[in-house]
Protein chains: 2
Amino acid sequence: MTENVSDAIALRRAESLTAIVQRELERMIVVGELRAGDRLNEQALAQRFGVSRGPVREAMRALECANLVSTRLNQGFFVREISPEEIAEIYDMRAVVYGFICARLATTISAEALAALDAAIEEMDTAIATGDGKEYYRLNLAFHEQTIVCAAHNCAQQTYRSLINESHLARQRSLVEPERMRESNAEHRRLVEALKAGDAELARELGNKHVLAGRRRWKASVAEEDAIAASVPPHGAAAGATLVHK
Amino acid sequence: MTENVSDAIALRRAESLTAIVQRELERMIVVGELRAGDRLNEQALAQRFGVSRGPVREAMRALECANLVSTRLNQGFFVREISPEEIAEIYDMRAVVYGFICARLATTISAEALAALDAAIEEMDTAIATGDGKEYYRLNLAFHEQTIVCAAHNCAQQTYRSLINESHLARQRSLVEPERMRESNAEHRRLVEALKAGDAELARELGNKHVLAGRRRWKASVAEEDAIAASVPPHGAAAGATLVHK
DNA sequence: AAAGTGTATATTGTCAACAATATATCGAAT
DNA sequence: ATTCGATATATTGTTGACAATATACACTTT
């Protein structure tokens with residue numbers, strides 16, 4: 001009997017379909033399964049998730065509010081397209097928020113958490129050594145996530161995560177140069193040193209600068225890509241255009 | 001014929017019902033027509049707006065993402081309840097974002113915009129002189145809105161506005177003491193001076209401190225209210241409780 | 001009177017259907 | 001061959017309906 005009861009409890013959904021669809025759609029956008037500008041066909045998505053259009057639309061309204069999805073009246077929902085200028089602005093915000101988080105951490109972080117950050121930095125070194133840019137990217141995200149969780153500041157956490165999510169709308173630059181990774185991880189080291197020293201103002205400055213340096217690295221990587229694209233002028237552009245349905 | 005065409009265009013809705021309902025609900029929450037904790041009956045709201053439950057639910061999902069509304073499975077939507085700790089965190093975020101905005105303004109603001117800010121400060125002086133706390137509150141909001149618009153930074157604008165909206169979930173302290181209003185406006189003056197001087201770092205610090213000073217004033221006003229409530233212990237509390245349906 | 005129990009009502013979460021609008025397809029004209 | 005226009009299809013925005021769940025109410029028991 002006890003088992004039946006627990007089964008019944010387990011079977012009873014603890015989440016609305018909207019919440020499930022929303023999480024999955026968000027994931028698909030953030031990891032790039034859905035690309036900026038893609039049209040989101042309600043029926044197709046509903047069918048894919050095994051639900052009706054209602055929950056899908058509700059989920060998309062939430063994602064619209066999170067700036068991940070845009071809408072045109074009578075044309076439906078699209079994965080938001082984001083301009084380089086908007087990306088640059090997001091870096092601005094991330095910088096001030098991350099500065100705040102780091103300053104706060106300097107006076108509150110535990111020895112265990114510091115050790116975990118050190119370990120994460122070591123792992124990133126390994127990724128750099130093996131030239132695994134994708135893995136470095138993943139670890140870097142995890143490092144930042146660790147810090148914002150440790151800061152124990154819900155509002156900052158939420159704001160920062162939302163900004164990170166938005167920035168994923170830009171195509172990921174998987175081709176991370178080793179030199180840039182080294183630079184980035186060196187900044188991590190200096191930041192953690194400041195945290196260990198309990199120097200809030202230094203931590204704020206380093207956190208802030210780390211994000212802005214990330215923007216410089218992003219811009220450099222975009223410039224490089226553009227240069228490569230320019231060296232193969234007519235053919236590549238046309239081929240790319242046909243893929244996107246607009 | 002031209003008239004018919006323009007009529008047809010005017011008649012054709014330029015917005016979805018969801019967007020209209022969302023704006024109206026947001027307004028009702030922010031101005032306090034709907035109070036924190038209030039249950040949002042879908043049918044009643046749909047009837048009130050002359051639409052069906054679909055658009056109402058979509059609007060609420062968006063507001064949920066904006067942190068204005070919360071949801072409990074099978075119990076529906078509620079105006080979000082916000083704790084003093086959460087309010088305090090929002091002030092933290094507002095402070096760093098407003099600091100950023102002010103720093104940016106220092107190097108970009110036009111003479112006209114500066115004149116408009118001066119005028120707004122004068123108006124606030126008038127409100128203080130007449131002891132009109134509500135009007136001061138309104139003008140203060142408008143002053144901040146002016147500055148964030150001038151900053152011409154979409155991301156900061158959106159982040160800041162969202163934080164302001166959230167903070168409206170806390171019951172407004174209409175009983176603003178004249179001394180606090182004077183203090184607040186003096187901070188406005190110093191800030192605008194820094195903007196005129198083009199001193200970005202000073203502007204950042206003053207913008208930051210102005211928000212944090214606002215938090216101190218808010219806390220003081222809460223403490224005062226609590227003291228008043230404590231002096232009338234049993235009766236008032238019970239009467240208030242019956243009004244709220246839970 | 002208070003607490004518990006069972007029934008009726010209300011409300012939500014989800015779905016399916018419909019009208020309005022947009023997109024795609026096809027043929028005719030230049 | 002392209003452009004234009006008319007028709008057919010697809011998709012959206014919105015509505016009303018239905019089952020599952022929660023709330024309110026009357027009734028019994030202590």
Side-chain angles (χ1 to χ4, degrees), chain A residues 4-25 34 37-65 69-80 241-246, chain B residues 4-25 34 37-65 69-80 241-246:
Chain A
N4 288 343
V5 171
S6 57
D7 279 0
I9 292 171
L11 280 171
R12 195 162 98 191
R13 257 207 336 278
E15 271 183 317
S16 67
L17 295 183
T18 300
I20 296 168
V21 170
Q22 184 180 338
R23 206 181 30 246
E24 178 62 7
L25 273 176
L34 294 169
D38 282 1
R39 174 125 177 269
L40 298 170
N41 185 310
E42 295 173 19
Q43 198 138 310
L45 288 167
Q47 215 153 357
R48 167 167 180 164
F49 296 134
V51 301
S52 71
R53 283 172 57 218
V56 172
R57 282 181 65 88
E58 286 184 22
M60 299 220 256
R61 288 294 179 200
L63 294 174
E64 182 186 11
C65 183
V69 158
S70 65
T71 170
R72 274 174 273 172
L73 189 64
N74 293 326
Q75 292 180 45
F77 297 91
F78 300 79
V79 179
R80 178 187 168 203
T242 56
L243 288 173
V244 181
H245 159 265
K246 161 56 193 175
Chain B
N4 287 342
V5 172
S6 58
D7 278 358
I9 291 171
L11 281 171
R12 195 163 98 189
R13 260 207 335 280
E15 268 183 318
S16 66
L17 295 184
T18 299
I20 296 168
V21 170
Q22 184 181 338
R23 207 181 28 247
E24 179 61 7
L25 272 177
L34 294 169
D38 282 1
R39 173 122 179 274
L40 299 168
N41 186 310
E42 296 174 16
Q43 199 138 307
L45 288 168
Q47 215 153 357
R48 167 165 180 169
F49 297 134
V51 301
S52 69
R53 283 173 55 217
V56 172
R57 282 181 64 89
E58 287 184 22
M60 298 220 255
R61 289 294 179 197
L63 294 175
E64 182 186 10
C65 183
V69 158
S70 65
T71 170
R72 274 176 273 173
L73 189 63
N74 293 325
Q75 293 179 46
F77 296 91
F78 300 79
V79 179
R80 177 186 168 203
T242 58
L243 288 173
V244 180
H245 159 265
K246 155 62 191 179

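All values derive from a computational prediction rather than experimental measurement.
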Q: Could you state the atom-to-atom distance from CG of B/Asn74 to C1' of D/dC18 in whole Å?
A: 15 Å

Q) Quick one, which residues of residues 42-63 of chain A touch DNA chain C with a heavy atom under 4.0 Å? A) A/Val51, A/Ser52, A/Arg53, A/Pro55

Q. Atom OG1 of A/Thr18 and atom CZ of A/Arg57: how far apart are they, to the nearest 0.5 Å?
A. 12.0 Å

Q: Using whole Å, report how far CG of B/Leu40 lies from C1' of C/dT12.
A: 13 Å

Q | Spacing of A/Glu15 atom CD relative to C/dT12 atom C1', expressed in whole Å | A | 17 Å

**Q.** Gap between atoms CZ and P, on A/Arg72 and D/dG13 respectively (whole Å)
**A.** 12 Å

Q) What is the distance from atom SG of A/Cys65 to atom CG of B/Leu63, rounded to the nearest 0.5 Å? A) 7.5 Å

Q: Run the salt-bridge test on B/Arg80 and B/Glu64 with the 4.0 Å N-O cut-off and return the result as yes or no.
A: no

**Q.** Nearest-Å distance for atom pair CG/C1', residues B/Asn41 and D/dA22
**A.** 13 Å

(Q) Without decimals, in angstroms, what is the distance between B/Leu73 CG and D/dA20 C1'? (A) 11 Å

Q. A/Arg39 has a side chain; which of D/dG13, C/dT11, D/dT11 sits nearest to it?
A. D/dT11

Expected list for residues 46-55 of chain A: side-chain donor-acceptor pairs under 3.5 angstrom, two or more places apart:
{"from": "A/Arg53", "atom 1": "NE", "to": "A/Glu42", "atom 2": "OE1", "distance (Å)": "3.0"}
{"from": "A/Arg53", "atom 1": "NH2", "to": "A/Glu42", "atom 2": "OE1", "distance (Å)": "2.9"}

Q: Apply the side-chain contact (heavy atoms from CB on, under 4.5 Å) test between A/Phe77 and each candidate in A/Leu25, A/Leu40, A/Leu45, A/Asp38; give the one that qualifies.
A: A/Leu40

Q) Hey, does B/Leu73 have a side-chain heavy atom less than 4.5 Å from the side chain of A/Glu15? A) no

(Q) As an exercise, state the distance from CZ of A/Phe78 to CG of A/Asn41, rounded to the nearest 0.5 Å. (A) 10.5 Å

(Q) Is any side-chain heavy atom of B/Arg61 closer than 4.5 Å to one of B/Thr71? (A) yes

Q) Does OP1 or OP2 of C/dT11 have a side-chain N or O of B/Gln75 closer than 4.0 Å? A) no

Q) Once Watson-Crick and G-U wobble pairs under 3.5 Å are found, how is DNA chain D written in dot-bracket notation, 5' to 3', with | for any base paired to another strand? A) ||||||||||||||||||||||||||||||

